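These numbers come from a predicted model, not from an experiment.
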Amino acid sequence: MSPDYVGGMPTGMPMTVAALIRTGREAAGLSQAELARRTKVGRSVICKLELSRRLASGRSLVALAQALDLDAGALLAQAVEEGLVRMGH
């Protein structure tokens, strides 16, 4: 069952970055490998993000948000709140 989306973000309870990426990827019908190819973000990075076991650059999060038709600003804000954004290069 896919979530209802409003403004590019699932509605209802706040979701973690991991859940947003996984749910968005599944809703788009993409495998982790296909999402990696489209975004140039490593498949292992996507896998670890979906498990909340990896920090990500802002650039990677924006690329994922764009590919999944998510609100990039909201995804970045949630990642900052969760401490998942890697600062620097």
Side-chain angles (χ1 to χ4, degrees):
M1 175 185 294
S2 56
D4 293 325
Y5 285 82
V6 173
M9 297 296 277
T11 60
M13 297 289 291
M15 296 178 76
T16 64
V17 168
L20 286 167
I21 292 171
R22 183 180 57 252
T23 302
R25 178 180 59 76
E26 290 172 350
L30 300 173
S31 66
Q32 289 177 346
E34 178 61 18
L35 181 58
R37 187 188 68 74
R38 290 184 184 193
T39 61
K40 299 189 182 352
V41 174
R43 190 203 61 78
S44 65
V45 172
I46 293 168
C47 178
K48 289 176 182 174
L49 282 170
E50 288 186 0
L51 296 170
S52 295
R53 294 186 180 162
R54 169 82 187 220
L55 298 180
S57 68
R59 183 178 302 173
S60 293
L61 290 169
V62 168
L64 290 167
Q66 290 173 338
L68 299 173
D69 199 27
L70 298 173
D71 181 310
L75 184 64
L76 284 167
Q78 184 64 32
V80 168
E81 186 173 311
E82 293 178 34
L84 295 175
V85 176
R86 185 179 71 233
M87 304 307 280
H89 300 299

If I take atom [atom1] from residue [X] and atom [atom2] from residue [Y], how far apart are they, to the nearest 0.5 angstrom?
X     : Y     : atom1 : atom2 : answer
Leu75 : Gln66 : CG    : CD    : 11.0 Å
Cys47 : Arg53 : SG    : CZ    : 8.5 Å
Glu26 : Thr23 : CD    : OG1   : 6.0 Å
Arg43 : Ser31 : CZ    : OG    : 9.0 Å
Leu55 : Ser60 : CG    : OG    : 11.0 Å
Thr16 : Leu84 : OG1   : CG    : 8.5 Å

Task: Residue from Val45, Leu70, Thr39, Leu20 passing side chain to side chain contact (heavy atoms under 4.5 Å, CB included) with Leu64 - done: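 Among the candidates, only Thr39 passes.
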Please report the shortest heavy-atom distance between [X] and [Y], naming the atom on each side.
X     : Y     : answer
Ala79 : Leu61 : CB-CD1, 3.5 Å
Ala65 : Ala72 : CB-CA, 3.6 Å
Gly58 : Val85 : N-CG1, 4.4 Å

Task: Donor-acceptor contact below 3.5 Å, side chain Arg25 vs main chain Leu30 - done: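 Judged by distance alone, yes, a pair lies under 3.5 Å.
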